[in-house]
Each structure stands twice: as structure tokens, then as C-alpha cells.
Amino acid sequence: YDVYGAPVVTDSGRLRGVTIVLHDITEQKKLEQIRKDFVANVSHELKTPVTSIKGFAETLIDGALQEPELANQFTEIIWKESDRLQTLIMDLLELSKIENAQFLLHLEEVSLKGISDEVVTLLSSKAEEKKMTIHVTETGQSTIEGDAQRLKQIILNLVTNAIAYTPADGTVHIKLIEKEHDVELQVKDTGIGISVPERLRIFERFYRVDRARSRNSGGTGLGLAIVKHLAEAHHGKLEVESEEGKGSIFKILFPKKQA
Ligand code: ADP
């Protein structure tokens, strides 16, 4: 608590009492802590690839360039780590844009089926690498009023995760189901699943169940934070169902018309 005290004095100047104001700063402290954690996380996430890029570049300069095999291997690492930096920076910019109050949706009629098909095309080589199949089904019409770019980002992030956290040979199913006033999007995988306590935290910025696994699959820990913000911006209701070792379903119920 912040505590303020002030004497209460009568017209004639006599002390009548004291006013004490207790200001509950729990919320303020919590926000301050979140901000500090965020800065620490960003710094750490940026530092790791930069350290690696610098180290391998130095080794090349110090002579590894003369050995073609090493040179190839090291430039490959440098490329991968710069790619990772770029993804991280783009995710951070995206998150800061959508967390900003000035963020606006460009509303139009959008077919979630059409967008899902585009996402499947974008991710087809990633899925093939892991011998995974992705299919899309539509029950009724999946047209809603929304921002096509942002909706694509939502589905892209969910399907990217579904592929990353599912072992080889698995399946991803994007289901679109028309309801009376809404369209439900489901992204269902046959992956590792998410425990109940972790389900409460995965939408936090930078939270990952397994940091190494996420890093290896190119994750930044920001994908689901972005999904949450974009779903909320569309007045969508987000839910996760999961069974460890069996798979997960991410569901978003989108209103057909924005209020
Ligand atoms: P990341 O870039 O690490 O994938 P996200 O914000 O997209 O970050 O997801 C946060 C964490 O939630 C992931 O690191 C992973 O542990 C977990 N997660 C997300 N999607 C799935 C999924 N489909 N199956 C299992 N775990 C998942």
C-alpha cells in the first residue's frame, strides 16, 4: 500500500482528526513487474542469436573461412540465427502494434475456409517434412466479418504450432463449423498435448512449456499471445482442450457480424 496522511483541522484551527488514505498498489506493482519481465525476456531472446552470429562470424574471420566444410556449416548457422532474429523482431513489432489502442481492423466479408486453404498451402512443405497431413473441413458457411490479414495470422500461428508440437506422421485438422450467430474455428492436432496448469499460461508473452523444443522448431514464444489479442479484437472466444500425449484443440468462436 501507498499511505498518505493529512490532519483535519476545524475553522478555529483545532485538530479534529487525521485522514489516512491507503492506496492499493498491488495492480500497479504487478504491471510494473510484467513490464520488467518483458524487457528482460526480450533482451535475453535477442542476445542469444546475436551472440551466436558474432561468435561464428569471428571464427570465420579467424581462419575457418579457409576450410570450405567448416565455412559452409558456420554460414548456415549464421543464416539460421539471423532468420530467427528477424522472426522475433517481426513478432515483437506485430505484438506492439496490436496491443496499441490505435490498432484498427480492416473489416470485410472473409471466408475462413478460403483463408485456411491459403495457410495450408503456405505450410505444406513444413508439413511434408514431418510427413504430416493437414485437412480443412467446412460445415455450413464459414464467412464472417473480419480482417483478412489478421485472421490469416491467427490460423497461421495455430497451424504452425500444431505442426511443431506434433510428432511425425501426425494429422492437423482445421474445422469450420457454422452456428446460428457465430462460426467456430477449430485447429486440432494429434500432438504432445498441454497439461492443465500449462494451459493457463501458454497465452502469456514468451511462455513456453519447453523452451528448447520451441527454439528448435523456430518458435519465439509470442505466437499465442498474438493469437489471443487478434481473437479478442474480433470479439472471438478462445478455448483450449487438450489431452497429454493425445493432442490439442484450439477453438475460437467468431461472431458472424462485428458489433
Ligand atoms: P512458440 O513460439 O514457443 O510456439 P507460442 O506462443 O505459439 O510460442 O506457444 C507457447 C507454448 O505453448 C509453446 O512453446 C508450446 O509449449 C505450447 N503449445 C502451443 N501450441 C501447442 C500445441 N498445438 N500442442 C502442444 N503445445 C503447444
Side-chain angles (χ1 to χ4, degrees), residues 34 37-38 40-49 80-99 116 119-120 122-123 126-127 129-136 150-175 184-233 236 238-252:
I34 290 173
D37 289 349
F38 181 65
N41 275 323
V42 171
S43 315
H44 176 79
E45 295 294 327
L46 291 173
K47 202 172 134 204
T48 315
K80 267 204 180 135
E81 293 293 314
S82 348
D83 190 55
R84 183 177 169 70
L85 262 184
Q86 190 182 36
T87 310
L88 184 63
I89 290 165
M90 284 184 341
D91 277 359
L92 280 169
L93 285 175
E94 178 71 13
L95 196 60
S96 100
K97 224 191 301 171
I98 62 186
E99 282 183 340
S116 303
V119 169
V120 171
L122 274 176
L123 296 176
K126 228 182 216 158
E129 274 172 33
K130 288 183 76 178
K131 296 198 166 52
M132 291 183 56
T133 37
I134 313 179
H135 45 253
V136 184
R150 313 295 190 181
L151 291 167
K152 189 169 172 179
Q153 181 83 58
I154 290 177
I155 300 178
L156 188 72
N157 289 6
L158 291 178
V159 178
T160 303
N161 282 347
I163 296 173
Y165 302 106
T166 299
D169 291 321
T171 317
V172 179
H173 188 173
I174 307 173
K175 260 191 193 172
E184 185 167 271
L185 161 78
Q186 297 190 2
V187 178
K188 184 173 180 222
D189 65 50
T190 54
I192 58 176
I194 310 159
S195 73
V196 175
E198 279 153 356
R199 251 173 267 168
L200 298 172
R201 301 208 55 194
I202 51 175
F203 294 98
E204 291 171 21
R205 297 177 292 193
F206 291 117
Y207 184 81
R208 289 116 138 194
V209 176
D210 178 344
R211 185 169 281 270
R213 186 180 182 122
S214 157
R215 226 187 102 80
N216 284 338
S217 65
T220 60
L222 295 174
L224 286 181
I226 293 174
V227 167
K228 181 165 181 264
H229 276 285
L230 292 179
E232 281 168 2
L238 181 63
E239 253 178 57
V240 188
E241 284 171 19
S242 187
E243 202 177 328
E244 281 181 272
K246 287 265 168 70
S248 310
I249 313 178
F250 285 79
K251 294 183 179 177
I252 308 177

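When reading the values below, keep in mind they use all heavy atoms of this one structure, side chains included, and skip hydrogens, waters and symmetry mates. All ligand and atom numbering here is 1-based and tracks the order in the structure. Residue numbers count from 1 along this sequence.
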To check your reading of the model: name the closest protein heavy atom to [atom], its residue, and the distance in Å.
atom: atom 23 (N) of ligand 1; answer: Asp189 OD2, 2.8 Å
atom: atom 27 (C) of ligand 1; answer: Tyr165 CD1, 3.6 Å
atom: atom 17 (C) of ligand 1; answer: Ile202 CG2, 3.9 Å
atom: atom 10 (C) of ligand 1; answer: Tyr207 O, 3.3 Å
atom: atom 26 (N) of ligand 1; answer: Ile194 CG1, 3.4 Å

Minimum heavy-atom distance Asp91-Ile226, with the two atoms named: O-CD1, 3.8 Å

Closest approach of Ser214 to Arg208 (non-hydrogen atoms, all atoms of both residues):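 Scanning both residues completely, I find the closest heavy atoms to be OG-NE, 3.0 Å.
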
Donor-acceptor contact present, side-chain Lys251 to main-chain Glu184, <3.5 Å: no

Heavy-atom donor-acceptor pair, Asn157 side chain to Leu224 backbone, under 3.5 Å: no

Is the shortest distance from a Lys or Arg side-chain nitrogen in [X] or [Y] to a carboxylate oxygen in the other one below 4.0 Å?
X: Glu241; Y: Lys246; value: no
X: Glu45; Y: Arg84; value: yes
X: Arg150; Y: Glu94; value: yes
X: Lys228; Y: Glu99; value: no

[X]-ligand 1 polar pair, N/O distance under 3.5 Å:
X: Gly221; result: yes
X: Ser214; result: yes
X: Val209; result: yes
X: Gly223; result: yes

Within-shell test, Gly193 vs ligand 1, heavy atom, strictly < 4.0 Å: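 For ligand 1, residue contact (heavy atoms, under 4.0 Å) with Gly193 is present.
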
Numbered atoms of ligand 1 (with element) below 4.0 Å of Thr220, judged on heavy atoms: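 In order of numbering, the contacting atoms are 2 (O).
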
Close-contact set for ligand 1 against Ser248 heavy atoms, below 4.0 Å: 24 (N)

Selected option - heavy-atom contact closest to atom 7 (O) of ligand 1, from Val187, Asn161, Val227: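 That would be Asn161.
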
What do we get for [X] next to ligand 1 when only non-hydrogen atoms under 4.0 Å count, side chain, backbone, both or neither?
X: Phe203; result: neither
X: Leu158; result: neither
X: Leu224; result: both

Pairwise side-chain contact, Thr166 with Thr171, heavy-atom cut-off 4.5 Å (strictly under): no

Aromatic ring pairing Phe38/Phe206, orientation class (parallel under 30°, perpendicular over 60°, tilted between): tilted

